[in-house]
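Quick note on labels: first sequence line is chain A, next is B, and so on, each numbered from 1. As a basis for the values below, the full set of heavy atoms in this structure was taken, side chains included, without hydrogen atoms, waters or symmetry mates.
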Protein chains: 2
Amino acid sequence: MTITQLQYVLAVAEHRNFTLAAEKSFVTQPTLSMQVQKLEDELGLQIFDRGKKPIAITEAGRKIVDQARNIVQEAARIRDIVDQEKGFVGGTYTLGVIPTVMPTLLPMFLKTFTQKYPKVRLVIKEVSTERMIEDLREGHLDAGIAATPLGIESLVERPLYYEPFVAYVPHGHRLEKSGKIGREELDLEDVLLLEDGHCFRDGVINLCQAIPRTEDMPFQLESGSFETLVNLVDEGLGMTLLPYLHTMGLDEKRQRMLRYFQDPPPAREVSLIYHKKELKYQITEALKEVIAAVVRGAIAFQDVQIVSPKRQMA
Amino acid sequence: MTITQLQYVLAVAEHRNFTLAAEKSFVTQPTLSMQVQKLEDELGLQIFDRGKKPIAITEAGRKIVDQARNIVQEAARIRDIVDQEKGFVGGTYTLGVIPTVMPTLLPMFLKTFTQKYPKVRLVIKEVSTERMIEDLREGHLDAGIAATPLGIESLVERPLYYEPFVAYVPHGHRLEKSGKIGREELDLEDVLLLEDGHCFRDGVINLCQAIPRTEDMPFQLESGSFETLVNLVDEGLGMTLLPYLHTMGLDEKRQRMLRYFQDPPPAREVSLIYHKKELKYQITEALKEVIAAVVRGAIAFQDVQIVSPKRQMA
DNA sequence: GATTCATATAAATTTAATCTATTTTGTCGA
DNA sequence: TCGACAAAATAGATTAAATTTATATGAATC
């Protein structure tokens with residue numbers, strides 16, 4: 001049994017296709033096929049069921065694949081240890097960021113980080129929270145930035161900052177004359193939401209559910225960006241909620257349409273999350289430091305009410 | 001990097017000698033030397049300092065060796081998974097047992113186990129608790145039976161039974177006329193102890209320390225076996241404490257010299273302990289089941305006061 | 001039933017691991 | 001400081017294993 005064989009198995013498990021898996025592993029298809037067969041022979045059981053299309057993983061195979069992933073990850077940590085010993089912070093580092101954090105946070109730290117750690121090639125991907133969790137597990141991402149708490153056993157959450165929710169209210173809206181808004185004043189039917197799949201959407205729904213109201217709304221306008229949402233509000237189609245950092249980019253006219261919540265304001269907790277195995281943890285630490293430093297000036301809310309990013313049925 | 005190379009590194013780390021390590025790995029010395037060198041080249045750092053005798057492990061090497069052990073153990077679990085899938089319970093299984101449990105517990109379960117699982121070759125070693133912990137960590141033992149709780153992070157403790165302490169008191173001793181003994185009646189100066197290194201000795205000391213008394217005794221007779229201790233008591237040199245199972249082998253005359261403790265009696269917790277990684281866990285489970293079943297009839301104390309096997313300064 | 005896509009097999013080639021034999025290095029005692 | 005010894009490194013030959021190209025087989029699709 002070799003680490004290479006295990007890597008081949010992982011590739012097949014992922015792509016469900018020997019040819020593609022071979023390509024991704026930078027070897028020819030027979031090479032990969034034979035090595036996988038060899039391992040199966042050695043273990044005396046089938047990992048893959050080639051009689052199906054796409055290729056299926058056998059029941060036993062599932063467990064072996066999981067353990068193989070484990071071993072390959074642990075093996076990767078050796079390089080990690082070496083890098084740390086040498087004080088080398090470099091290589092490719094893949095970071096996932098949720099869509100509602102991406103446009104505001106990224107510009108804040110990207111330049112600083114790349115200047116401070118020129119040897120690290122940062123690859124940044126915009127992904128949903130669910131996708132991020134999956135990709136962190138599979139090792140396709142080194143870390144992610146998402147709203148927490150998620151409470152995923154295999155992941156570590158390191159809070160970066162707390163970002164309050166701010167209401168954006170059109171002229172003539174019942175909340176326009178309010179000073180500070182109480183969360184009980186919110187009415188979900190009246191709030192424009194992001195489309196499904198955004199955790200910020202779920203956060204808002206959780207927040208509104210604080211007032212006893214059923215979730216089945218008659219009709220709802222939804223969009224994928226706050227930009228659109230703000231425009232819809234301007235058209236008088238309802239109000240919306242924005243994360244604090246997004247409100248900083250609004251022009252002065254729109255700033256006046258913002259309404260803040262009573263203390264402690266509802267907020268989302270934005271964290272750096274990564275696998276417990278802490279691959280490339282020296283880069284993760286560096287990243288966390290840079291972001292924390294840059295964020296410290298812009299957004300320093302302490303006394304907030306954290307809203308869960310996960311849809312809650314209560 | 002291959003698993004084989006990591007195994008070679010572990011062998012050298014253990015034996016501090018390339019030649020011996022090669023022998024234990026069933027390869028020639030140049031083979032092992034070259035593979036270790038190759039790995040060092042690949043990683044770009046020295047794992048071993050050959051300029052010393054015996055060979056030293058470098059600072060970085062220490063961390064790499066630890067991780068290598070981790071990887072090799074995880075790799076071994078693949079076989080484990082396969083065995084479980086196939087319902088195969090077999091192979092060599094090395095069990096450590098502390099000296100004060102060995103002679104009484106072993107005869108109780110050994111025959112049953114080997115009959116029920118003929119494909120398992122049980123290798124049983126008598127070791128101290130400290131040695132057991134070390135050997136479990138290094139993977140030289142698959143499991144151990146010892147007094148608990150130990151509170152070792154990397155080990156799992158699965159209690160098997162609770163074994164009360166019983167006093168063995170000579171004729172004319174102040175406790176001879178007692179009915180049930182209270183622990184405050186004990187006086188450490190008066191109690192014959194096992195020699196240093198036995199956790200039962202520490203348990204007894206802990207028990208006696210319950211009464212406020214200094215630990216520095218003027219003179220103390222000590223022995224490595226209860227057999228000797230009992231004989232010394234018969235000679236009138238003091239009393240002693242025995243674990244319950246040991247009292248069952250005493251002849252009738254000696255049985256009459258036993259004095260039990262008041263409820264709940266002080267007792268030691270005897271557990272099956274093994275590494276969190278749970279290598280060969282199907283055998284471990286089988287072993288636990290067999291022992292639990294056999295012990296259930298002989299020793300079923302529930303309401304006991306567990307005495308720590310670790311020396312406590314309090 | 002021909003076509004296509006995917007995996008398996010065969011044979012040749014390259015690469016890597018291991019062995020035997022020998023040299024170098026380091027340690028220890030005279 | 002000099003052998004003498006033990007242990008590790010190196011060299012060259014051998015064996016084993018991984019990988020490649022080329023080709024065959026097999027299952028799904030129309």
message: Heavy atoms only, 4.0 Å cut-off, all strands: where does T28(A) land among base, sugar-phosphate and nothing?
response: base
- prompt: For the pair made of CG in N17(A) and P in dA28(D), what is the distance, rounded to whole Å?
  reply: 14 Å
message: Both Q29(B) and Q35(B) contact DNA chain C. Which one's nearest nucleotide lies toward the 5' end?
response: Q35(B)
- prompt: With a 4.0 Å cut-off on heavy atoms, is T19(A) in touch with a base, just the backbone sugar-phosphate, or nothing at all?
  reply: base
query: Of the nucleotides dA9(D), dT7(C), dT21(D), which has the atom closest to the P30(A) side chain?
result: dT21(D)
- request: Would you mind reading off the distance between I55(A) atom CD1 and dG26(D) atom P, rounded to a whole angstrom?
  value: 16 Å
field: Interatomic distance where CZ belongs to R50(B) and P belongs to dG26(C) [whole Å]
entry: 12 Å
- prompt: Would you say the side chains of Y8(A) and T31(A) form a donor-acceptor pair under 3.5 Å?
  reply: no
message: Between T148(A) and E157(A) (side chain of the first, backbone of the second, donor and acceptor by atom type, cut-off under 3.5 Å), is there such a pair?
response: no
message: Need one value for T31(B): base, sugar-phosphate or nothing, where a base atom within 4.0 Å counts as base even if backbone is also close, heavy atoms only.
response: base
Residues R158(B), E278(B): salt bridge by 4.0 Å N-O rule: no
query: How long is the line joining CE of M34(A) and P of dA12(C), in whole Å?
result: 14 Å
message: Counting only side-chain nitrogens and oxygens, does Q37(A) get under 4.0 Å of the OP1 or OP2 atom of dT7(C)?
response: no
message: With nearest nucleotide decided by heavy atoms, which residue, Y8(B) or R16(A), maps closer to the 5′ end of DNA chain C?
response: R16(A)
- prompt: Which sits closer to the 5' end of DNA chain D, Q5(A) or F18(B), going by the nucleotide each is nearest to?
  reply: F18(B)
query: In whole Å, what is the span from the CD1 atom of I47(A) to the C1' atom of dT7(C)?
result: 16 Å
field: Integer-rounded Å distance: dA6(C) P and D49(A) CG
entry: 17 Å
message: Between K280(B) and D80(B), does any side-chain N to carboxylate O distance fall below 4.0 Å?
response: no
- line: To the nearest angstrom, the CG-C1' distance between L32(B) and dA7(D) comes to 13 Å
- line: From CG of L20(B) across to C1' of dA8(D) the rounded distance in Å is 14 Å
- prompt: Is the shortest side-chain N to carboxylate O distance from R69(A) to E74(A) below 4.0 Å?
  reply: no
